[in-house]
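Everything below concerns the one structure shown next.
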Amino acid sequence: MASSTTTSSQPDRPARPNLAFRQLRGRHSPAEFAALVRRAAREIGERVSCDARYIGRVEAGEIRCPNYAYERVFLHMFPGHTLADLGFAARSSVRGRAARPPEDVTHASLPRTGTETREAVEPYDPQNPHHPHEPRQTRNPQDPFETHDNYEESDVLRRLFMTGGGATVAAATLGPLGFTIDAVAADRPVRRAGTAHATALEEAVRRIRLLDDRHGADGLYRRAAAPLRAAYALLDAGATRQTTAERLHSGAGELAISVGWLAHDSGRFDDARSHYAEALATARMTGDPGLEAHAFCNTAFLARDAGRPREAVRAAQAAQRVGRPLGSARLMSLLALREAGGWAGLADRTGCEQALARAQALFERGHSDADPEWMSFYGEAELEGLEAQCWSTLGDWRRASRHARRAAELQDPHFTRNIALYTAELADDLARGGRPDEAATAGMRVLDLLDQVQSSRIQGMLAGTARVLLPHRRASGVQEFLDRHASAPRGV
């Protein structure tokens, strides 16, 4: 087993300011420039959570080389430039640990035992084909999970969310959730939290969302509970600064919502309700309207799915009251759709149509810098998909299938789970609308995606479609779909 003694591939040295990047920023403030970066990311289909703090870290030289997502955005913003032109170091030269203020290292590093292997906790050079532990491993430029700002920071994030024995760390490293920790470590006392803890917590939220977008909730929920316990342990430990405390509360609340969504999508409604309530309490204790609106938004969605449509309407309306001052038309559009879903559940067609019209009008106002980061999933495809669900609930199968088909066609290929969801909705609407052959074709497309997606919600919808199609076995393609559905493995 390799020694746990760490060595650096390069000597510690102070960060050098990135003057080239500062010059490119021009007269824009860091916050204004961050908004331009986020807008450029949307133009090319990337998702980055750039803010003034990130720009400051780049200009201070703390981020010597951006991750692949930021690289694509920066090169899109400055055509003809290379990373070197932007003041960044070559990717192959950024490895090991760079110099970091002692306070951050002290706060971010949790104890590790002598049984941990070096490759489990230390970053290796991803571009070096001669690395002794991973000779063939390279970073994939298209990998959406490579979200760290640099390799040095990724070490801090790993160490924060992976503690315990070698087996635990190895499982965390090899598993899809790189931030998994064991239950014992989650209950371990923590020193006062610093900025690196807040950064790691925010990163955990992003990773859960990315993995859910691609693979669905069923395989993620149980493993995401440990980081949530660790997050609330950090809150109990206190923070070194008020700004850090605010980030920790916001991050813990968002993580509670993300874990709640995993429970929700995998059919664990009671667990989801508990997590959403925890997030709502955190939002109200800290006076965070953005977090409160998000918690109410998900509570409304859960209430609709759990058969409590009146609660769904009330929660969506509460979310709109809290969210209106935030200035995001897209947020208000989504909240109007949550309200529409409640009205549909109450069989109130007029109320539903009014909320849908409001959602459409607000959506057409477009993106703004006030849009919350968590709303990256909400585009035209999601708008169409949620409207399809409303018409389906009201029994208008023709309208429902039209919107579901459009949702599946519009969805970004990155959101594999949503493509499966919209196509499953389409299959069910077609089946109930008397078009069994088309329903079977759509159902087969969903089955093709279930190798990549684990979602009890989608499996439940497909099972309902199969029951509707049973009397139509003689229709073209129906028997083939029913046979394949019956032989498909069921999620845990």
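All of these numbers come straight from a predicted model, not from anything done at the bench. Each residue takes its place number in the sequence, starting with 1.
Around CD of Glu32, the count of heavy atoms belonging to other residues, nucleotides or ligands within 6.0 Å exceeds 12. In His28, the NE2 atom is not crowded: 12 or fewer heavy atoms of neighbouring residues, nucleotides or ligands sit closer than 6.0 Å.
Judged by distance alone, with hydrogens and angles left aside, the side-chain atoms of Glu339 form no donor-acceptor pair with the main-chain N or O of Leu335 at under 3.5 Å. The backbone N or O of Thr282 sits less than 3.5 Å from a side-chain atom of Thr286, completing a donor-acceptor pair. A donor-acceptor pair under 3.5 Å links the side-chain atoms of Thr465 to the main chain of Met461, judged by distance alone. The main-chain N or O of Ala329 is never found under 3.5 Å from a side-chain atom of Ser333 such that the two would form a donor-acceptor pair. In terms of modelled atom types and a separation under 3.5 Å, the side chain of Ser258 and the main chain of Glu254 share a donor-acceptor contact. Side chain of Ser401 to main chain of Arg398: a donor-acceptor pair is present (N/O by atom type, distance under 3.5 Å, no hydrogens or angles). Looking only at distances, no side-chain donor or acceptor of Asp271 sits under 3.5 Å from a matching main-chain atom of Gly260.
The line from CG of Leu386 to CG of Leu334 is 7.0 Å long, rounded to the nearest 0.5 Å. To the nearest 0.5 angstrom, Cys297 atom SG is 11.5 Å from Leu302 atom CG. A distance of 5.5 Å separates NE2 of His367 from CZ of Arg42, quoted to the nearest 0.5 Å. Rounded to the nearest 0.5 Å, atoms CH2 (Trp391) and CG (Leu356) are 6.0 Å apart. For the atom pair CE (Met285) and CD (Glu292), the distance works out to 12.0 Å, reported to the nearest 0.5 Å. Separating the CE atom in Met375 from the CZ atom in Arg330 is a distance of 7.5 Å, to the nearest 0.5 Å.
Between Gln354 and Thr350 the shortest side-chain heavy-atom distance falls below 4.5 Å. Counting heavy atoms from C-beta on, the side chains of Glu409 and Tyr422 never come closer than 4.5 Å. Contact annotation: the side chain of Leu410 never approaches that of Glu382 to less than 4.5 Å [non-hydrogen atoms, C-beta and beyond]. Considering only heavy atoms from C-beta on, Asn298 stays 4.5 Å or farther from His264 through its side chain. Looking at heavy atoms from C-beta onward, Asp371 lies out of side-chain contact with Leu331 at the 4.5 angstrom threshold. Counting heavy atoms from C-beta on, the side chains of Pro289 and Pro325 never come closer than 4.5 Å. Contact of the Asp348 side chain with the Val313 side chain is not registered, since no non-hydrogen atoms from C-beta on lie closer than 4.5 Å. Using a 4.5 Å cut-off on side-chain heavy atoms (C-beta onward), Arg22 and Val58 make no contact.
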*Criterion salt bridge (Lys or Arg N to Asp or Glu O under 4.0 Å) on Arg39 and Asp369, from CA distance to verdict*: CA-CA 8 Å; Arg39 185 176 297 119; Asp369 295 335; 3.6 Å; yes

*Can you check salt bridge (Lys or Arg N to Asp or Glu O under 4.0 Å) on Arg358 and Glu353, steps first, answer last?*
CA-CA 9 Å; Arg358 199 163 66 248; Glu353 288 178 339; over 6 Å; no

*Stepwise side chain to side chain contact (heavy atoms under 4.5 Å, CB included) check, Ile63 with Asn18*: CA-CA 9 Å; Ile63 297 174; Asn18 187 336; over 6 Å; no

*asked:* If you apply the rule side chain to side chain contact (heavy atoms under 4.5 Å, CB included), what do you find for His249 with Asp288, and how did you get there?
replied: CA-CA 9 Å; His249 277 91; Asp288 187 337; over 6 Å; no

*Carefully, step by step, assess Leu291 and Ile257 under the rule side chain to side chain contact (heavy atoms under 4.5 Å, CB included).*
CA-CA 9 Å; Leu291 179 60; Ile257 292 174; 3.7 Å; yes

*Arg406 vs Arg402, side chain to side chain contact (heavy atoms under 4.5 Å, CB included): CA-CA, chis, key distance, verdict*: CA-CA 6 Å; Arg406 182 161 170 75; Arg402 185 175 74 242; 6.0 Å; no

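Ion pairing between a basic and an acidic side chain is recognised when a charged N comes within 4.0 Å of a carboxylate O; Arg435 and Asp429 show no such pairing. Ionic pairing of Asp396 and Arg349 is present here: one or more N-O contacts between side-chain nitrogen and carboxylate oxygen are shorter than 4.0 angstrom. Between Arg399 and Glu387, no side-chain nitrogen of the basic residue sits less than 4.0 Å from a carboxylate oxygen of the acidic one, so the salt-bridge criterion is not met. A salt bridge links Arg457 with Asp305: the distance from a Lys NZ or Arg NE/NH1/NH2 to an Asp or Glu carboxylate oxygen falls below 4.0 Å.
Contact between Ala312 and Gly342 at its shortest, heavy atoms only, is CB-CA, 4.0 Å. Here the closest heavy-atom approach between residue Ala347 and residue Leu394 is recorded as CA-CD2, 4.1 Å. The minimum heavy-atom distance between Val73 and Ala40, with the atom names listed, is CG1-CB, 4.0 Å. Ala300 and Arg338 get closest at one heavy-atom pair: CB-CB, 4.1 Å. Between Gly253 and Ala279, the shortest heavy-atom contact is O-CB, 3.5 Å.
Checked against a 6.0 Å centroid threshold, the rings of Phe33 and Phe21 count as neighbours. Between Tyr276 and Phe296, the gap from one ring centroid to the other reaches at least 6.0 Å. Checked against the 6.0 Å centroid threshold, Phe74 and Phe78 do not count as a close aromatic pair.
Under 3.5 Å, the side chains of Ser266 and Arg268 contain a donor-acceptor pair of N or O atoms. With hydrogens and angles left out, the side-chain atoms of Gln389 and Arg304 include a donor and acceptor closer than 3.5 Å. Checking Tyr54 against Ser49 by side-chain atom types alone, no donor-acceptor pair falls below 3.5 Å.
Between Arg405 and the choices Glu438, Glu425, Glu384, the salt bridge (charged side-chain N to carboxylate O under 4.0 Å, His left out) rule is met once, by Glu438.
Taking the six-membered ring where the residue is Trp, Phe301 and Trp261 present parallel rings, their angle staying beneath 30° rather than reaching 60°.
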